[in-house]
Asker: 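What follows is a structure written as structure tokens; I'll ask about it next.
Note that the numbering runs from 1 along the sequence shown for the chain. Read the numbers this way: they start at 1 and go in the same order the structure lists the ligands and their atoms.
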Amino acid sequence: MSTGSINVSVENIFPLIKKFLYSDHEIFLRELISNATDATTKLKHLTVIGEAKVDYGNPIIEVKIDKEAKTLSIKDQGLGMTGEEVEKYINQVAFSGAEEFLEKYKDSAKDAGIIGHFGLGFYSAFMVAEKVEIFTKSYKEDSKAVRWICDGSPEYTLEETEKSDRGTEIVLHIAEDSLEFLEESKIRELLTKYNKFNQIPIKFGMKTETLPLPEGSAEDAKAETVEVDNIINNPTPAWTKAPSELKAEDYNNFYRELYPMQFEDPLFHIHLNVDYPFNLTGVLFFPKLANNLNIEKDKIQLYQNQVFVTDEVKGIVPDFLMLLRGVIDSPDIPLNVSRSYLQADGAVKKISSYITKKVADKMVSLFNENREDYQQKWNDIKIVIEYGMISEDKFYEKSDKFALYPTTEGQYYLWNELVEKIKPTQTDKDGKTVILYATNADEQHSYIASARDKGYEVLLLDSPIVPHLIQKLESSKENVSFARVDADHINNLIKKDEPVISKLNETDKETLKKNIEESINDQKFTVQLEDLDSTDAPFTLTQPEFIRRMKDMQATGGGGGMFGMGGFPEMYNLVVNSNSDFAGELLKKENAEEKTAMINQALDLAKLSQNLLKGKELTDFIKRSFESLK
Ligand code: ADP
Ligand code: MG
């Protein structure tokens, strides 16, 4: 037996570890299981290369609670340690990591999640234990088993012990303030959270399994039951396999394994697999999203060698892909380090751009393989694609190959197809091609109809980030502009060099305009006289593109905050068709009261077609209309 003092300059390190890392203390279990897993896979490697001449077998890791003794133990069948190795790896190396940590964070407890990065792994046990024992026996021939014990002071004891089997058992004597870690439910919760896909099987207790009845058994035969190891993890999840080994069904099953509460199948998956210049595997899923931007739970999970790290993937996964689900596993992502550190990390940056590229490539191949199917899914994936287009330039650059522009008639164009199609008809007199769009096919129906009458295509762009997307397209594509169908009269949205015929002379027009302005007497409406076809509606309300777009952008955040806290005022143009019969009638009307009534009735009709007539205005309108039927 030998006793010694851990080589440390800080008087008593353990209370400090406990204090500094308090918020994260549950991760001790993950750290100890990671060590047990490492020890097992190391032994496997040694047997493969012929270094270790032992029977590797089918090793498991066992987690056990002894409530009476107040211990929690983690036992592996890995390579074990000799006395010298304990001296070296536990007393010196592991501890230097702890020291480094304390040096850096002595004065600031701010950055709590730092354990793995500083190699504080093993010592994190002292966050929950008042005393830790290690029983270990090396795989090496003739090595003697040893026991190490330390009660949280820098003094430890190392002595020979009885242990017949190879491997290591860590026994934690749980501290009074951490007794929750003696609860079966708590440990099961932690194992499920962090080690659901651990590389080595983890046994936690026993479970009863019912054996299938032998063939030809009697009807009332009782099925036999057996007690078997309760293995809590799946050591070979889908992302660790080659895509060629997996069928669509396997991916869907894995999706459900990851998110047991998700009942709907994902739309499709992307299998990630790269080993240069960094290592990364994973599977991302596109769930059905429609226009939902607020996904709180069931997020992408980040793993390091099949050990759960976090589902806060901001900074690692580009923002637009946070709407997806799935798993990313990379040994190159530092385990459990602070946000700011992660974002500055070179490997992490490369990972983010790799994932972006991979998603773009997948879109291209989905589109090329089966356009019909891709079009059908468009409504559910567009929000991710559009978000990607406005936020990641690399993604945007490729988007011409997979971003779709659907029309109100149910056609889907790629950008170039769209421009080619509409260029001959929708180019205005200044040579600009105007892309007409609607955001709501029902509400903007009459405007869509006018545009269709002219032979124009109208896109249906209804996701909340469309204003931003349009801005992006306008600024990067040449000679195009977007206009919502209700932004002005269709003749003004795409101005052509056509002679205009005016039925009224200038004086009449001025009188008409004045009459209407006086009758309406509302700042909200700007009267705009237009020489349109006599069959066009006498009054139409439009909302200028610029104002409306700013308003929309403000609603989805970002841009257009120029009107301050109050938001944007409601503003409309009242387009009056001066060639309509109605305009002629108005001018002829002698009785001022009747004239005002006519104007207001027409304005109400215009509002009605824009869904703007509400409340008392609507009640009055209906009443008036009935009376006029008498
Ligand atoms: P790290 O895992 O980052 O090396 P730890 O503090 O978790 O740091 O562990 C320190 C060292 O102790 C390990 O590198 C390993 O050599 C040894 N060790 C810890 N747990 C075990 C175990 N269960 N079996 C064998 N060796 C172990
Ligand atoms: Mg470790």
Asker: In Å, rounded to the nearest 0.5 Å, how long is the span from OG of S463 to CD1 of I383?
Answerer: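 Reported to 0.5 Å precision, the distance equals 4.5 Å.
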Asker: Any nitrogen or oxygen of E31, side chain or backbone, less than 3.5 Å from one on ligand 1?
Answerer: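 Not met; the criterion fails.
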Asker: Under a 4.0 angstrom heavy-atom cut-off, which atoms of ligand 1 come close to A39?
Answerer: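 Numbered from 1, ligand 1 contributes 22 (C), 24 (N), 25 (C).
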Asker: Hey, which of K70, K67, R188 is the one that makes salt bridge (Lys or Arg N to Asp or Glu O under 4.0 Å) with E183?
Answerer: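 Among K70, K67, R188, the one that satisfies the salt bridge (Lys or Arg N to Asp or Glu O under 4.0 Å) with E183 is K67.
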Asker: May I ask you to check whether G80 has an N/O atom sitting below 3.5 Å from an N/O atom of ligand 1?
Answerer: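 No.
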Asker: Atom CG of L72 and atom CG of L29: how far apart are they, to the nearest 0.5 Å?
Answerer: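 Reported value, rounded in 0.5 Å steps: 6.5 Å.
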Asker: Closer than 4.0 Å to some heavy atom of G121 - which atoms of ligand 1 meet that?
Answerer: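 Counting from 1, the qualifying ligand atoms are 6 (O), 7 (O).
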Asker: Taking the side chain from S143 and the backbone from Y139, do they hold a donor-acceptor pair closer than 3.5 Å?
Answerer: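 No: the side chain of S143 does not pair with the backbone of Y139.
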Asker: Which option, N35, I61, T37, owns the non-hydrogen atom nearest atom 1 (P) of ligand 1?
Answerer: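 Among N35, I61, T37, the closest heavy atom to atom 1 (P) of ligand 1 comes from N35.
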Asker: Does the side chain to side chain contact (heavy atoms under 4.5 Å, CB included) test come out yes or no for F204 and E62, once each step is laid out?
Answerer: CA-CA 6 Å; F204 185 52; E62 187 173 1; over 6 Å; no
Asker: May I have the step-by-step check of side chain to side chain contact (heavy atoms under 4.5 Å, CB included) for D311 and I300, ending in yes or no?
Answerer: CA-CA 6 Å; D311 61 2; I300 293 176; over 6 Å; no
Asker: Can you check whether F122 reaches V132 side chain to side chain, under 4.5 Å on heavy atoms?
Answerer: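 In short, these two side chains touch, coming nearer than 4.5 Å.
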Asker: How long is the span from the CD1 atom in I231 to the CD1 atom in I60, to the nearest 0.5 Å?
Answerer: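 Answer for the CD1-CD1 pair, I231 versus I60, is 5.0 Å.
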Asker: For I90, which part has a heavy atom under 4.0 Å from ligand 1: side chain, backbone, both, or neither?
Answerer: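 The side chain, only.
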Asker: Kindly indicate, with the supporting measurements, whether the criterion side chain to side chain contact (heavy atoms under 4.5 Å, CB included) is fulfilled by Q199 and N305.
Answerer: CA-CA 8 Å; Q199 289 180 43; N305 290 327; 3.7 Å; yes
Asker: Could you name all protein N, O or S atoms found under 2.8 Å from the Mg ion (ligand 2)?
Answerer: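 Result, waters dropped: N35 OD1.
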Asker: For residues P260 and L258, report the shortest heavy-atom separation together with the two atoms involved.
Answerer: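 In terms of heavy atoms, the two residues are closest at CD-O, 3.4 Å.
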Asker: Are any of the N/O atoms on T168, whether in the backbone or the side chain, positioned under 3.5 angstrom from an N/O atom of ligand 1?
Answerer: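 So ligand 1 has an N or O lying under 3.5 Å from an N or O of T168.
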Asker: Below a 4.0 angstrom heavy-atom separation, can you tell me which part of D76, side chain or backbone, both or neither, approaches ligand 1?
Answerer: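 Side chain only.
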